[in-house]
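Data first, discussion second: the structure below is written as structure tokens.
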There are 4 protein chains.
Amino acid sequence: MLPEGRSRRSGDGRRDLTAIAISCFARYGYQGTSIDRIAREAGVTKGAIYHHFRSKEDLLAAAVMDRIGEFETRVQSACRAAAPDESLRRIAEVCAQHATSEDRPRFAIKLMVESIETNDPVVEEMRGMMRRFRAFLRNIIRAGQDGALFRADADADALAALFTSAVIGAETQFYLDPKRFSLEHTLETFVDQMLDNLRLAGAAQAREGGAIRD
Amino acid sequence: MLPEGRSRRSGDGRRDLTAIAISCFARYGYQGTSIDRIAREAGVTKGAIYHHFRSKEDLLAAAVMDRIGEFETRVQSACRAAAPDESLRRIAEVCAQHATSEDRPRFAIKLMVESIETNDPVVEEMRGMMRRFRAFLRNIIRAGQDGALFRADADADALAALFTSAVIGAETQFYLDPKRFSLEHTLETFVDQMLDNLRLAGAAQAREGGAIRD
Amino acid sequence: MLPEGRSRRSGDGRRDLTAIAISCFARYGYQGTSIDRIAREAGVTKGAIYHHFRSKEDLLAAAVMDRIGEFETRVQSACRAAAPDESLRRIAEVCAQHATSEDRPRFAIKLMVESIETNDPVVEEMRGMMRRFRAFLRNIIRAGQDGALFRADADADALAALFTSAVIGAETQFYLDPKRFSLEHTLETFVDQMLDNLRLAGAAQAREGGAIRD
Amino acid sequence: MLPEGRSRRSGDGRRDLTAIAISCFARYGYQGTSIDRIAREAGVTKGAIYHHFRSKEDLLAAAVMDRIGEFETRVQSACRAAAPDESLRRIAEVCAQHATSEDRPRFAIKLMVESIETNDPVVEEMRGMMRRFRAFLRNIIRAGQDGALFRADADADALAALFTSAVIGAETQFYLDPKRFSLEHTLETFVDQMLDNLRLAGAAQAREGGAIRD
DNA sequence: TATGAATGAGCGTTCATTCAT
DNA sequence: TATGAATGAACGCTCATTCAT
């Protein structure tokens with residue numbers, strides 16, 4: 001009779017369940033989320049979940065894929081047609097928004113940390129995403145070097161790893177202590193610092209007022 | 001008869017159990033570690049654990065206090081009698097060593113992330129440690145500013161938050177993908193970058209031009 | 001295939017489990033009955049019990065409600081259309097039967113005594129039942145007084161409390177020492193004595209003066 | 001140094017522990033009382049208890065013996081040199097006092113009911129006490145019959161059983177619902193009723209001041 | 001006479017999963 | 001497509017008991 005009794009139902013059971021699972025995993029972690037809880041929040045029975053997913057891990061995998069895809073799409077579209085320095089700035093902004101948005105936060109951090117030291121296929125997925133993210137950043141930096149915007153002697157790999165570190169570490173601190181930790185300000189500070197160091201002498205000298213460096 | 005039948009036993013049951021619990025929590029997280037597993041690794045029965053600790057949470061609290069104390073001691077003693085810039089460099093080194101040492105790693109990261117969004121007293125403990133760490137870093141930076149070593153217009157609070165972010169984020173990536181992520185190099189890159197930006201023009205030149213340093 | 005594999009199964013899992021729980025609680029008390037035992041006697045696993053009841057206390061509550069309802073129904077229907085003196089006699093008989101029947105006995109006594117000094121909602125339920133039972137008896141006595149069958153100066157409240165005491169105390173002794181304690185004879189003696197004292201002089205003399213009775 | 005650090009210590013460890021055990025068993029029942037609790041309330045360790053008693057059951061036996069002895073002494077001394085009717089009245093008073101006194105109540109009722117259907121030697125003890133109590137009452141009634149104070153055709157055995165029932169049932173209700181059940185009044189009502197029925201016609205009239213009653 | 005560490009069995013409960021309908 | 005009954009293993013925890021000191 002009533003096609004919509006509960007909340008968050010779209011008619012595509014699998015998709016709805018994935019969304020609710022993401023929300024639960026983000027809040028309680030993978031181990032802290034029971035199939036029962038997901039079923040309850042979705043307004044269905046446990047059996048329905050096992051109709052759509054072979055196991056809890058399978059549901060997790062679907063959730064992780066969904067989020068990774070969405071994150072990568074957002075990052076890429078944020079950089080479209082932007083100069084390298086502007087791209088770095090925008091990526092930091094996207095990460096900050098992503099972390100403070102209503103229903104997404106914590107998912108990646110929680111899952112990434114929780115799956116450390118396990119061998120699930122889902123860990124491989126997350127490792128892959130991190131590698132792709134670092135490679136993406138590195139390519140931006142290299143593009144800046146190729147375009148004579150950034151110093152040619154900078155270690156693009158190390159800077160990409162560092163950028164990623166700043167994002168992850170700032171997110172983590174923000175989740176732990178949101179009242180005392182400013183995620184945006186921290187990432188802004190980071191990008192400023194990195195660009196200061198990356199930009200060619202002319203720009204750098206302008207700011208530092210000095211001559212010789214490198 | 002045999003004072004040492006199993007592994008890792010020192011005669012102080014409570015202390016041994018705390019050490020083993022830390023090791024388990026670091027590997028599998030709090031929820032992922034069963035009391036049974038700790039008991040098995042310690043070579044005792046579950047009952048023995050409950051003889052020393054009132055609950056699993058109590059054991060966790062003991063483990064957290066132990067590690068926090070040890071970490072803070074190491075950081076402080078690494079900075080003793082060092083100049084501000086050298087202090088920052090040494091703290092990064094301590095963090096890298098701490099993260100790659102045999103039986104300690106992952107504990108703080110795992111627990112910090114896992115306890116996000118809960119209200120256990122242990123979370124408060126971790127929040128406190130993070131705040132103290134940031135305050136410690138900020139004071140070092142301010143000391144550098146007061147001693148005319150660092151630029152006076154730098155935002156010490158933001159830089160302290162950023163330093164902490166870099167450490168946490170680099171640790172996290174290292175744990176997830178140790179073969180492809182160089183923790184030491186990332187943190188070294190970070191400290192170089194930060195000191196470059198912090199140091200006054202004259203000092204920076206002095207250092208990189210060679211000679212005087214230390 | 002086989003609709004009836006084990007013992008005492010009706011197809012209504014919840015109802016069956018309640019019946020078996022009553023039987024166990026009656027024999028071993030609440031604390032003395034493990035969920036495992038109930039499951040074993042029901043021929044299911046513990047999990048099945050937790051599918052139907054949220055907790056052991058919930059199962060107890062269901063059991064208590066079931067018995068209270070059944071007892072009150074029996075008492076009321078035994079009194080239907082009977083004169084007050086006859087009602088008292090019949091209630092005593094119902095209590096005696098109730099106490100000596102195959103699968104019911106001891107449940108109320110065990111639970112009542114065991115739950116003394118606790119504050120569970122189930123205790124409130126039992127207190128309520130006792131109060132209702134005493135009120136029911138008191139109303140019967142008052143009806144006898146109103147109908148000039150019983151002495152008007154008798155304390156109906158005290159006699160109702162006393163009647164209840166005799167039933168409970170006789171049941172208790174019977175359960176402890178069934179070979180040496182005659183439940184029926186004790187309650188019969190009690191009702192005789194009470195009616196002797198309650199009945200108006202004329203009626204009493206008729207009985208004791210000999211003749212008619214029997 | 002300090003021979004008396006805690007509460008309730010007399011120097012006789014076994015006796016102290018018995019007293020505390022009685023208090024615990026009375027409050028929580030046998031199954032509901034852990035050795036740990038008794039030890040804690042006594043201010044000693046569990047080992048100390050096992051030094052004095054071979055097992056929990058052994059401790060229970062000691063507690064039961066202690067209470068039975070004390071109760072029987074009180075009942076007997078209450079009847080010393082009293083006429084049969086007065087004896088019955090005093091026994092009811094002793095029972096009421098016993099049940100409402102500070103540290104004794106509930107013990108007998110709790111244990112008696114809890115041990116129903118078990119075969120512990122302690123049950124035999126309680127059965128024995130109940131039998132002796134009924135025999136004691138029966139002998140008092142017979143003495144009244146022999147002294148022409150009570151009707152010769154009364155069933156002394158049944159009346160003794162009934163007296164005991166009233167006491168146990170009134171105690172039970174009182175413990176369950178002390179605010180709404182008057183133990184003293186109920187037992188007084190009972191003794192009045194029983195003596196009214198027992199006393200010879202002449203005596204009864206003598207007591208109530210004559211013939212006319214109602 | 002007492003302690004305190006430790007055991008081992010058991011308890012109430014949770015949970016991922018299966019399956020007949 | 002979904003339900004709901006049921007399983008079985010594991011979990012955090014309790015407790016009577018033992019034993020070296």
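The analysis underlying the following values was restricted to heavy atoms, covering all of them including side chains, and did not include hydrogens, waters or symmetry mates. Throughout, a chain's letter reflects where its sequence line sits, starting with A, and its residues are numbered from 1.
D:E114 places a side-chain N or O within donor-acceptor distance of the main-chain N or O of D:Q31, the cut-off being under 3.5 Å. B:R67 places no side-chain N or O within 3.5 Å of a backbone atom of B:A63 that could act as its donor or acceptor partner. Checked by atom type and distance alone, the side chain of C:Y175 pairs as donor or acceptor with a backbone atom of C:R106 at under 3.5 Å. D:S115 contributes no side-chain N or O that, together with a main-chain N or O of D:T118, makes up a donor-acceptor pair within less than 3.5 Å.
Comparing B:R37 and D:D36, the nucleotide of DNA chain F nearest to each residue sits closer to the 5' end for B:R37. Both B:I35 and C:G47 lie near DNA chain F, and the one whose nearest nucleotide falls closer to the 5' end is C:G47.
Atom CZ of A:R40 and atom C1' of F:dT3 are 17 Å apart (whole Å). To the nearest angstrom, C1' of E:dG4 lies 13 Å from CG of B:D12. Rounded to whole Å, atom P of E:dG10 lies 15 Å from atom OH of C:Y28. The CG atom of B:D16 sits 13 Å away from the C1' atom of E:dA5 (whole-angstrom rounding).
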Each base of DNA chain E marked ( ) or [ ] if paired in-strand (Watson-Crick or G-U under 3.5 Å), | if paired to another strand and . if unpaired gives .||||||||||||||||||||
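Across every non-hydrogen atom of D:I49 and D:A39, the tightest pair is CD1-N, 3.6 Å. Closest non-hydrogen pair, B:A26 versus B:P105, comes out as CB-O, 3.1 Å. Heavy atoms only, all atoms of each residue included: D:K110 and C:I116 are closest at NZ-O, 3.4 Å.
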Under 3.5 Å, sequence neighbours excluded: what are the donor-acceptor pairs made by side chains of residues 55-62 of chain D?
unit_1 : atom_1 : unit_2 : atom_2 : d
D:S55  : OG     : D:E57  : N      : 3.4
D:S55  : OG     : D:D58  : N      : 3.2
D:K56  : NZ     : D:Y30  : O      : 2.9
D:K56  : NZ     : D:T33  : O      : 2.8
D:D58  : OD2    : D:R54  : N      : 3.0

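Listed pair B:T45 / E:dG8 fails the phosphate criterion, with no side-chain N or O lying under 4.0 Å from OP1 or OP2.
Of all the residues in residues 48-58 of chain D, D:A48, D:H51, D:H52 reach under 4.0 Å from DNA chain E with at least one non-hydrogen atom.
A donor-acceptor contact closer than 3.5 angstrom is absent between the side chains of B:T18 and B:R14.
Not a single donor-acceptor contact under 3.5 angstrom links the side-chain atoms of B:K46 to the base of E:dT7.
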